[in-house]
K.L.:
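My questions will all concern the structure given below.
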There are 2 protein chains.
Amino acid sequence: MDKKYTIKDIAKLAGVSKGTVDRVLHKRGKVSPLALEKVNEVLKVIDYEPNLIARNLKNNKIYRICIVLPDPKIDPYWLPCLNGIDDARQEFKAYNLVIETFYFNPEKKKSFLKTNETVLGLSPDAVLLAPLFHKETVDVIEEYHSLNIIVNTFNNQVESSFVQCFVGQDLFRSGRIAAKLLDSITDKGQIAIVHIDETYKNAIHMQEKERGFRNYFEEKENSEYTITTLKLKNPNVEISFNNFLNENPDVSGIFITTSKAYQIAKIISAFKHKKIRVVGYDLVDENVSYLNQGVIDFMIHQNQKRQAYLGITSLVEYFLFHKEIPEMILLPIDIVNAENAEYYIE
Amino acid sequence: MDKKYTIKDIAKLAGVSKGTVDRVLHKRGKVSPLALEKVNEVLKVIDYEPNLIARNLKNNKIYRICIVLPDPKIDPYWLPCLNGIDDARQEFKAYNLVIETFYFNPEKKKSFLKTNETVLGLSPDAVLLAPLFHKETVDVIEEYHSLNIIVNTFNNQVESSFVQCFVGQDLFRSGRIAAKLLDSITDKGQIAIVHIDETYKNAIHMQEKERGFRNYFEEKENSEYTITTLKLKNPNVEISFNNFLNENPDVSGIFITTSKAYQIAKIISAFKHKKIRVVGYDLVDENVSYLNQGVIDFMIHQNQKRQAYLGITSLVEYFLFHKEIPEMILLPIDIVNAENAEYYIE
DNA sequence: ATAAAAAATGTGCTCGAACACATATTAAAA
DNA sequence: TTTTAATATGTGTTCGAGCACATTTTTTAT
């Protein structure tokens with residue numbers, strides 16, 4: 001009853017040859033109305049699922065997927081992505097896939113352009129892109145598109161109709177979550193939103209998080225907080241923030257919009273006056289350390305590993321199994337405290 | 001350079017036939033020392049990965065996997081599992097797999113035994129089991145084992161050497177997480193651990209969570225809490241708990257060890273005296289509703305969907321791709337508040 | 001009516017691993 | 001040395017989809 005029908009079965013049932021069935025299934029034409037009718041009749045009754053194994057055995061084209069992302073040696077934020085890429089590579093190693101990683105220097109537009117130039121030269125079937133530089137990205141994507149190379153982006157969103165799929169998180173919502181967390185662990189007083197080393201390339205990220213954060217408190221009636229935004233730049237973070245704390249003794253909560261919560265945590269742990277609550281992003285070692293010490297209360301996990309993983313697998317499954325690529329994959333926004341952190345560290 | 005070698009390639013390189021290579025690779029014997037040497041020499045140099053697609057095309061055995069779990073109509077806790085099962089079914093629908101679901105009445109041992117009897121009669125290749133009744137489970141697993149049927153368990157752990165893999169969460173740790181959460185949102189006072197409708201079949205679950213919960217506060221120095229355990233049974237939950245609240249005005253936090261936090265939330269939302277913090281389990285509709293109302297503060301997500309999914313996929317990948325089945329798959333323990341709940345509801 | 005062109009249909013090979021079976025080689029027995 | 005047994009090696013088929021090519025049928029033109 002659960003028997004899998006083959007093209008041969010259909011051919012026999014319809015009284016035609018497998019070639020005809022094949023033509024009907026693939027709408028290749030050259031089929032008489034009568035034969036078409038007969039085959040469709042059979043297809044209506046049975047539930048035909050092509051055997052993907054056989055299909056892939058035949059179609060042994062080598063698909064090449066290139067991943068373009070910032071060098072994790074320069075910005076360790078991207079390090080978990082490598083594990084996600086490895087996972088995907090491992091999972092599909094039986095297939096004819098070449099999955100290659102290409103780094104660029106996240107501080108240099110030129111490096112970004114050059115890396116993409118290299119990738120373009122390889123004419124891969126698809127590219128998974130971490131689009132840091134807005135204008136350059138749009139141009140690059142257009143180039144890929146003109147060569148019929150599919151482009152997925154991850155981590156950062158960029159509005160281009162040539163992007164097949166974006167994998168990432170809803171940053172606005174992520175800001176709201178941070179707000180809710182701080183709200184639940186502090187009473188009243190001043191809350192500081194801290195942007196560290198804001199640059200053109202991550203500004204949108206931070207602003208979106210801030211928007212969500214403020215939105216939460218705006219929606220909440222009779223909220224007893226005042227909210228201040230601070231933009232700090234290394235190497236002056238320590239001095240500036242210390243000054244801020246001294247000038248604002250009523251600070252009860254801090255929301256850091258980047259991976260650099262540990263810088264603030266360091267200052268706070270020295271600042272013994274009162275308990276200040278901290279919420280930040282990303283499970284980099286330093287953050288986890290302060291999380292375990294109780295200086296940071298909650299972290300929000302951006303799940304870069306899974307972003308990279310899903311960015312690749314959606315492409316692979318499209319090539320191999322003809323699965324549709326979704327327009328957007330929004331990952332859950334994981335809340336992490338000292339007790340469940342180990343599950344998310346990767 | 002990334003070329004995939006085939007058996008034919010090896011044969012040519014070694015100067016033997018593909019039959020001989022096959023015998024060497026599968027250690028089927030009937031190979032002369034000389035030929036063995038020649039083939040091994042080649043294998044040492046190149047990196048041969050058998051093409052799993054071709055292998056599976058040939059070995060087109062139909063694998064049958066049965067999932068045995070409580071009827072979700074009786075206990076909706078199990079409802080998300082169906083989605084996980086469907087996901088797995090969908091993902092592998094191209095392969096020769098029969099994935100069938102069998103329900104039993106979670107309140108009746110007899111039903112459990114009967115369902116397993118039915119499954120045994122089908123002699124599947126593997127079974128994914130939700131082992132509610134301890135003794136009976138051990139016996140059933142032994143029966144499966146004697147028929148060479150692989151058994152994975154999920155949700156509940158049962159110590160039997162015949163279980164290939166357990167998929168679930170670390171309940172002790174989950175208790176600790178709940179403790180940490182309550183600790184971070186309450187100051188001092190009394191904390192109540194509430195077990196609702198504790199029965200033999202879920203007692204271990206609850207106790208393990210309680211152990212973890214208490215362990216957290218034991219480790220913490222100068223904790224200003226007193227912790228009380230309450231065992232409530234329907235239909236007396238409302239009366240008993242109301243009495244408890246009235247007799248203990250210093251209650252500041254509640255940890256409910258089952259999916260029934262909504263019952264407690266209902267009572268609390270009527271009890272206006274002071275803010276009491278609540279942490280519970282599972283994203284059933286009623287709980288989510290109280291989470292959104294702000295009566296429940298945090299939920300812990302047990303991820304039944306993914307438990308079922310991974311329980312199946314580990315089996316499928318073993319059969320299809322000869323992947324090793326891990327002894328244990330521990331899922332992350334997700335912390336959920338009103339803002340990120342939507343991502344986990346399934 | 002017949003040839004030529006067009007359309008429809010069927011056949012056969014490929015992909016790589018696995019294994020049955022046929023053939024070749026070597027070793028042991030007569 | 002020849003026969004027989006044992007062992008080693010090679011060949012060919014299978015799985016299902018896909019596609020090139022061969023063959024058949026139908027249509028159009030002469």
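All of these numbers come straight from a predicted model, not from anything done at the bench. A note on names: the letters A, B, ... follow the listed sequences, proteins ahead of strands, and every chain is numbered from 1. Any value given below was found using the heavy atoms of this structure, including those in side chains, with hydrogens, waters and symmetry copies removed.
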K.L.:
Atom NZ of A/Lys27 and atom C1' of D/dC19: how far apart are they, to the nearest Å?
P.N.:
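Taking NZ of A/Lys27 and C1' of D/dC19, I get 18 Å after rounding.
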K.L.:
With a 3.5 Å cut-off and just heavy-atom distances, do the side chain of A/Arg28 and the base of D/dG18 make a donor-acceptor pair?
P.N.:
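Absent.
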K.L.:
Go through the N and O atoms of the side chain of A/Lys18 and the base of D/dG18, and report whether any donor-acceptor pair is under 3.5 Å.
P.N.:
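Side chain to base: pair present.
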K.L.:
Can you check whether A/Phe166's main-chain N or O pairs, donor with acceptor, with A/Gln157's side chain at less than 3.5 Å?
P.N.:
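Such a contact is absent between A/Gln157 side chain and A/Phe166 backbone.
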K.L.:
For a 4.5 angstrom cut-off between non-hydrogen side-chain atoms, does A/Ile329 reach A/Phe154?
P.N.:
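A/Ile329 vs A/Phe154: side chains apart.
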K.L.:
If you define the side chain from C-beta out and look only at heavy atoms, does anything of B/Phe162 sit under 4.5 Å from B/Ser146?
P.N.:
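B/Phe162 vs B/Ser146: side chains apart.
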K.L.:
Please list, by residue number, the residues of residues 317-325 of chain A whose heavy atoms come closer than 4.0 Å to an atom of DNA chain C; answer none if no residue qualifies.
P.N.:
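Contacting residues: none.
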K.L.:
Rounding to an integer number of Å, can you tell me how far B/Lys58 NZ sits from D/dT13 C1'?
P.N.:
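Result: 8 Å.
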K.L.:
Measure from CG on A/Asn51 to C1' on D/dC15 and round the result to the nearest Å.
P.N.:
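Computing the A/Asn51:CG to D/dC15:C1' distance gives 8 Å.
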K.L.:
Report the distance from atom CD1 of B/Ile53 to atom P of D/dG18, rounded to the nearest whole Å.
P.N.:
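Between P of D/dG18 and CD1 of B/Ile53: 13 Å.
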K.L.:
Less than 4.5 Å apart, any side-chain heavy atom of B/Leu315 and any of B/Tyr63?
P.N.:
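They are not in side-chain contact.
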K.L.:
Atom CG of A/Asn59 and atom P of D/dA20: how far apart are they, to the nearest Å?
P.N.:
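In whole Å, D/dA20 P and A/Asn59 CG are 11 Å from each other.
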K.L.:
With under 30° as parallel and over 60° as perpendicular, where do the rings of B/Tyr344 and B/His301 fit, or are they tilted in between?
P.N.:
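Answer is tilted, since the angle falls between 30° and 60°.
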K.L.:
Quick one: does B/Glu136's side chain have a donor or acceptor within less than 3.5 Å of a partner on B/Leu113's backbone?
P.N.:
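No, the answer is negative, given that no donor and acceptor are paired below the 3.5 Å cut-off.
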K.L.:
Are side-chain heavy atoms of A/Ile150 and A/Phe319 found at a separation under 4.5 Å?
P.N.:
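A/Ile150 vs A/Phe319: side chains touch.
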K.L.:
Using five base pairs at each end, measure the axis-to-axis angle across the helix from C/dA1-D/dT30 to C/dA30-D/dT1 and round it to 10 degrees.
P.N.:
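Roughly 60° between the end axes, to the nearest 10°.
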K.L.:
Between atom CG in A/Asn56 and atom P in D/dC19, what is the gap in whole Å?
P.N.:
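About 12 Å, once rounded to whole Å.
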K.L.:
For B/Ile7, report the nucleic acid contact type (base, sugar-phosphate, nothing); a contact means any heavy atom under 4.0 Å.
P.N.:
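Answer is sugar-phosphate: B/Ile7 comes under 4.0 Å of backbone atoms only.
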K.L.:
Tell me, please, the opening and closing nucleotides of DNA chain C, 5' to 3', among those with an atom under 4.0 angstrom from a non-hydrogen atom of chain A.
P.N.:
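So the outermost contacting nucleotides come out as C/dA8 to C/dG16.
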K.L.:
Using whole Å, what does the distance between atom C1' of nucleotide D/dG18 and atom CD1 of A/Ile10 come to?
P.N.:
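Result: 14 Å.
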K.L.:
May I ask you to decide whether A/Lys44 forms a salt bridge with A/Glu41, counting only side-chain N to carboxylate O separations under 4.0 Å?
P.N.:
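The answer is yes: the pair qualifies as a salt bridge.
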K.L.:
Classify the ring geometry of A/Phe321 against A/Phe92: parallel below 30°, tilted from 30° to 60°, perpendicular beyond 60°.
P.N.:
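Geometry flag for A/Phe92 against A/Phe321: tilted rings.
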K.L.:
Kindly say if B/Thr20 contacts the phosphate of D/dG10, meaning a side-chain N or O under 4.0 Å from OP1 or OP2.
P.N.:
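Looking at the OP1 and OP2 atoms of D/dG10, one of them is under 4.0 Å from a side-chain N or O of B/Thr20.
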K.L.:
Report the distance from atom CZ of B/Arg23 to atom P of D/dA8, rounded to the nearest whole Å.
P.N.:
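Result: 10 Å.
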K.L.:
Are the side chains of A/Val119 and A/Tyr144 in touch, meaning some heavy atoms are under 4.5 Å apart?
P.N.:
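SC-SC contact between A/Val119 and A/Tyr144 confirmed.
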K.L.:
If you assign each of B/Ser17 and B/Ala54 to its closest nucleotide in DNA chain D, which residue comes earlier from the 5' end?
P.N.:
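Between the two, 5'-proximity favours B/Ser17.
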K.L.:
Where each residue is assigned the nucleotide of DNA chain D containing its nearest heavy atom, which of A/His26 and B/Pro33 is assigned the position nearer the 5′ end?
P.N.:
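First, find each residue's nearest nucleotide; the 5'-ward one identifies B/Pro33.
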K.L.:
Within the 4.5 Å heavy-atom criterion, are A/Ile46 and A/Asp9 side-chain neighbours or not?
P.N.:
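They are not in contact (no side-chain heavy atoms under 4.5 Å apart), so the answer is no.
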K.L.:
For A/Lys61, is the NZ atom crowded, meaning more than 12 foreign heavy atoms sit under 6.0 Å from it?
P.N.:
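Yes, because the 6.0 Å sphere around NZ of A/Lys61 holds more than 12 heavy atoms from other groups.
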K.L.:
Contact class for B/Asp22 (heavy atom, under 4.0 Å): base, sugar-phosphate, or nothing?
P.N.:
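Here B/Asp22 touches the bases of the nucleic acid.
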